[in-house]
Amino acid sequence: MPFPTRLPPPATAAAVLAAVALRRYLSSRSRAAAAAHSTSGGAPAATTFLVLSGKSPQDQQLLASAAGELSLAEEGGGELAVSLALDASGDAGFDAAVYMGALQARRFGRWMLWSPRMASTHDLVTQNFAKLPVGVVCVTDVQFKGRGRSKNVWESPPGCLMFSFTSQMNDARKLPLMQYVVCLAMTEAIKDLCCAKGLPELDVRIKWPNDLYLKGLKVGGILCTSSYEPKVYNICTGIGLNVDNEKPTTCLNAALQELKANSPRLKREDVLASFFNKFEILFDIFSNQGFQALEEQYYNSWLHSGQRVVVQDAHEGQSVNSVVTIKGLTPSGYLYAVGEDGKSYELHPDGNSFDFFTGLVRRKIDA
């Protein structure tokens with residue numbers, strides 16, 4: 001794809017040089033070498049390469065106009081080099097043309113930043129939120145400084161779909177529920193994609209509050225962060241989904257092969273497009289009608305209805321374990337449960353355990 005003819009002059013030379021440097025980087029580094037490097041604890045590359053894509057020439061032009069203003073914090077490592085296109089997308093990892101061709105959403109995912117390897121898509125989007133169009137998505141093939149709950153950091157292997165995107169919301173009360181909408185959108189998107197391609201349905205389930213499970217194993221995770229500016233909350237959502245990487249747990253394509261041998265494989269590009277197509281619909285419902293309009297659909301996709309869990313209670317200065325049954329969510333987004341005493345409780349994580357369901361603390365809900 002040629003460079004837009006109206007690219008701002010100061011960025012043109014830099015974009016051309018970045019495209020040349022990126023081609024050299026990709027040609028000198030095989031996928032196997034990149035995978036070995038990403039898991040060996042090696043130092044990050046000196047330069048982070050970004051390729052810009054838009055659903056339309058106007059979208060790409062808008063993103064290109066912001067390219068000169070993008071920056072990375074020092075902890076991200078190295079410099080940032082931006083280009084607008086590659087001649088051979090097949091050698092570039094993520095195929096922007098395939099993705100954009102499958103994308104139907106009008107607001108989300110129309111602008112894409114792709115990198116073969118970077119520290120964190122979430123950090124890049126968060127640090128440049130005001131410079132980018134709302135709905136932009138950043139995708140990478142290998143991520144070596146990903147972010148999780150409680151500031152957990154992990155390295156993500158090739159074959160995993162890793163992306164972060166932006167959105168905005170006015171109602172602070174809805175912010176904690178945003179991660180549930182995203183989880184639901186991904187489970188529904190995978191079902192829609194399997195159906196459209198004539199593949200066996202993958203029963204991806206939601207583990208509260210922000211994990212995706214398949215056949216009892218974690219296959220994905222979601223992270224939502226927000227910041228406030230006058231009258232609006234800026235939201236950055238990061239997602240990691242195992243599409244083609246069977247380790248460390250399992251992946252979508254491995255599960256498909258188990259259901260039907262020699263089944264066609266899902267592509268990351270199609271999964272991402274299907275996600276935004278579904279998310280845009282659910283986000284509009286959520287924004288206009290609240291989470292209650294999606295609640296039944298959400299419960300059909302999660303793991304916990306009727307689940308009995310052990311919770312901790314403080315009694316006379318000591319911790320006492322008791323059992324409650326999960327019934328749903330409270331309006332604030334925590335777990336709603338009923339105890340063996342018949343009373344209603346709101347369940348909170350204890351804040352110390354990696355697994356949300358270890359050491360749950362209950363708070364009585366007044367009748």
With a sphere of 6.0 Å drawn around CG of Asn262, does it hold more than 12 non-hydrogen atoms of other residues, nucleotides or ligands? no

Heavy-atom pair of closest approach, residues Ala64 and Leu52: CA-CD1, 3.9 Å

Less than 4.5 Å apart, any side-chain heavy atom of Ile235 and any of Met169? yes

Under 3.5 Å, side chain of Lys131 to main-chain N/O of Glu69, donor-acceptor pair present? yes

Supply the atom-to-atom distance Asp171 CG to Met178 CE, rounded to the nearest 0.5 angstrom. 12.5 Å

Using modelled atom types only, decide if a donor and an acceptor are shared between the side chain of Glu280 and the backbone of Arg107 within a distance under 3.5 Å. yes

Less than 4.5 Å apart, side chain to side chain, heavy atoms only: is that true for Phe286 and Leu294? yes

Do you know the tightest heavy-atom contact between Leu259 and Pro200? CD1-CB, 3.8 Å

Phe283 ring center within less than 6.0 Å of Phe108 ring center: yes

Would you please indicate yes or no on a ring centroid separation below 6.0 angstrom for Tyr336 and Tyr345? no

Output yes when a side-chain donor or acceptor of Asn253 lies under 3.5 Å from a complementary backbone atom of Val243, and no otherwise. yes

Within the supplied structure, the quantity of interest is the number of heavy atoms (other residues, nucleotides, ligands) at a distance under 6.0 Å from Gln297 CD; does it exceed 12? yes

Going by the rule side-chain contact (heavy atoms from CB on, under 4.5 Å), which residues pair with Leu303 if we only count those two or more places apart in sequence or in a different chain? Arg205, Lys207, Tyr213

Does the distance from a Lys or Arg side-chain N to an Asp or Glu carboxylate O, for Arg308 and Glu340, drop under 4.0 Å? yes

If you look at every heavy atom in Leu256 and Pro264, which pair is closest and at what distance? CD1-O, 4.0 Å

Please check if the side chain of Ser164 supplies one atom and the backbone of His122 the other of a donor-acceptor pair under 3.5 Å. yes

Kindly indicate, with the supporting measurements, whether the criterion salt bridge (charged side-chain N to carboxylate O under 4.0 Å, His left out) is fulfilled by Asp192 and Lys278. CA-CA 9 Å; Asp192 286 355; Lys278 179 61 68 173; 3.1 Å; yes

Under 3.5 Å, side chain of Gln307 to main-chain N/O of Thr325, donor-acceptor pair present? no

Can a donor-acceptor pair be found, under 3.5 Å and without considering hydrogens, that links the side chain of Thr249 to the backbone of Lys218? yes

State yes or no: are the ring centers of Phe163 and Tyr99 separated by less than 6.0 Å? no

Flag yes if Leu50 and Phe129 sit in one hydrophobic cluster, no otherwise; membership is Ile, Leu, Val, Met, Phe, Trp, Tyr, and two members link when side-chain heavy atoms are under 4.5 Å apart. no

Could you tell me whether the side chains of Glu346 and Thr330 share a donor-acceptor contact shorter than 3.5 Å? yes

Quick one: does any side-chain atom of Asp95 pair with a main-chain N or O of Val98 as donor and acceptor, under 3.5 Å? yes

Lys247 atom NZ, over 12 foreign heavy atoms within 6.0 Å: no

State, with a plain yes or no, whether a side-chain heavy atom of Gln127 is found less than 4.5 Å away from one of Ser71. no

Check whether more than 12 heavy atoms from other residues, nucleotides or ligands sit under 6.0 Å from atom NZ of Lys55, and answer yes or no. yes

Going through the checks in order, is the side chain to side chain contact (heavy atoms under 4.5 Å, CB included) test met by Phe94 and Met112? CA-CA 11 Å; Phe94 196 88; Met112 187 180 74; 3.6 Å; yes

If only atom types and distance count, is the side chain of Asn277 paired as donor or acceptor with the main-chain N or O of Ala105 below 3.5 Å? yes

Any donor and acceptor pair, going by atom type alone, linking the side chain of Asn242 with main-chain N or O of Thr250 inside 3.5 Å? yes

Going from OG on Ser322 to CZ on Arg362, what distance comes out if it is rounded to the nearest 0.5 angstrom? 3.5 Å

Between the CD1 atom in Ile326 and the OG atom in Ser305, the distance rounded to the nearest 0.5 Å is 8.5 Å

Donor-acceptor side-chain pairing of Asn234 and Glu229 below 3.5 angstrom: yes

Are any side-chain N or O atoms of Ser120 and backbone N or O atoms of Asp123, one a donor and one an acceptor, separated by less than 3.5 Å? yes

Any side-chain heavy atom of Cys138 within less than 4.5 Å of one from Phe165? no

Test side chain to side chain contact (heavy atoms under 4.5 Å, CB included) on Val51 and Leu113; report intermediate values, then the result. CA-CA 6 Å; Val51 179; Leu113 309 170; over 6 Å; no

Hey, could you give me the OG/CE distance between Ser115 and Met162, rounded to the nearest 0.5 Å? 10.0 Å

Other residues, nucleotides, ligands: >12 heavy atoms within 6.0 Å of Arg173 CZ: no

Taking the cut-offs as 6.0 angstrom to the six-membered ring centre and 45 degrees off its axis, would you call Lys174 and Phe291 a cation-pi pair? no

Whether the Trp208 and Tyr180 side chains hold a donor-acceptor pair (N or O, under 3.5 Å, no angle test) is what I'd like checked. yes

Answer whether the closest heavy-atom distance between the side chains of Leu252 and Leu241 falls below 4.5 Å. yes

Looking at Gly333 and Leu177, what are the two nearest heavy atoms and their distance? CA-CD2, 3.6 Å

With rounding to the nearest 0.5 angstrom, report the OG to CD distance, Ser274 to Gln104. 9.0 Å

Counting only heavy atoms not in Tyr298, do more than 12 sit closer than 6.0 Å to its OH atom? yes

At their closest point, which heavy atom of Asn245 faces which heavy atom of Cys251, and how far apart are they? O-CB, 3.1 Å

Interatomic spacing from CD in Glu269 to CG in Leu272 - rounded to 0.5 Å: 8.5 Å

Given side chain to side chain contact (heavy atoms under 4.5 Å, CB included), test Leu212 with Ile222 step by step and report yes or no. CA-CA 8 Å; Leu212 300 175; Ile222 285 93; 4.0 Å; yes

What I'd like to find out is whether the side chain of Phe275 reaches to under 4.5 Å of the side chain of Ile239, using heavy atoms alone. yes

Distance-minimising heavy-atom pair for Leu62 and Trp111: CD2-NE1, 3.7 Å

Tell me whether the centres of the aromatic rings in Tyr299 and His304 are closer together than 6.0 Å. no

Asp59 and Ser56: CA distance, side-chain angles, deciding distance, side chain to side chain donor-acceptor pair (under 3.5 Å) verdict: CA-CA 5 Å; Asp59 292 328; Ser56 69; 3.1 Å; yes

Using the rule that Ile, Leu, Val, Met, Phe, Trp and Tyr join whenever any side-chain heavy atoms are under 4.5 Å apart, tell me whether Leu282 and Leu175 fall into a single cluster. yes

Check: Val181 and Phe279 side chains under 4.5 Å, non-hydrogen atoms: yes

List the steps, then state whether side chain to side chain contact (heavy atoms under 4.5 Å, CB included) holds for Arg110 with Val137. CA-CA 8 Å; Arg110 295 183 64 89; Val137 60; over 6 Å; no

Transitively linked via ILVMFWY side-chain contacts under 4.5 Å: Leu161 with Leu103? yes

Are any non-hydrogen side-chain atoms of Leu266 and Leu193 less than 4.5 angstrom apart? yes

Are Val361 and Ile365 linked, directly or through intermediate hydrophobic residues, by side-chain heavy-atom contacts shorter than 4.5 Å (ILVMFWY only)? no

Could Arg268 and Asp244 be called an ion pair, given the rule that one side-chain N must be under 4.0 Å from one carboxylate O? no

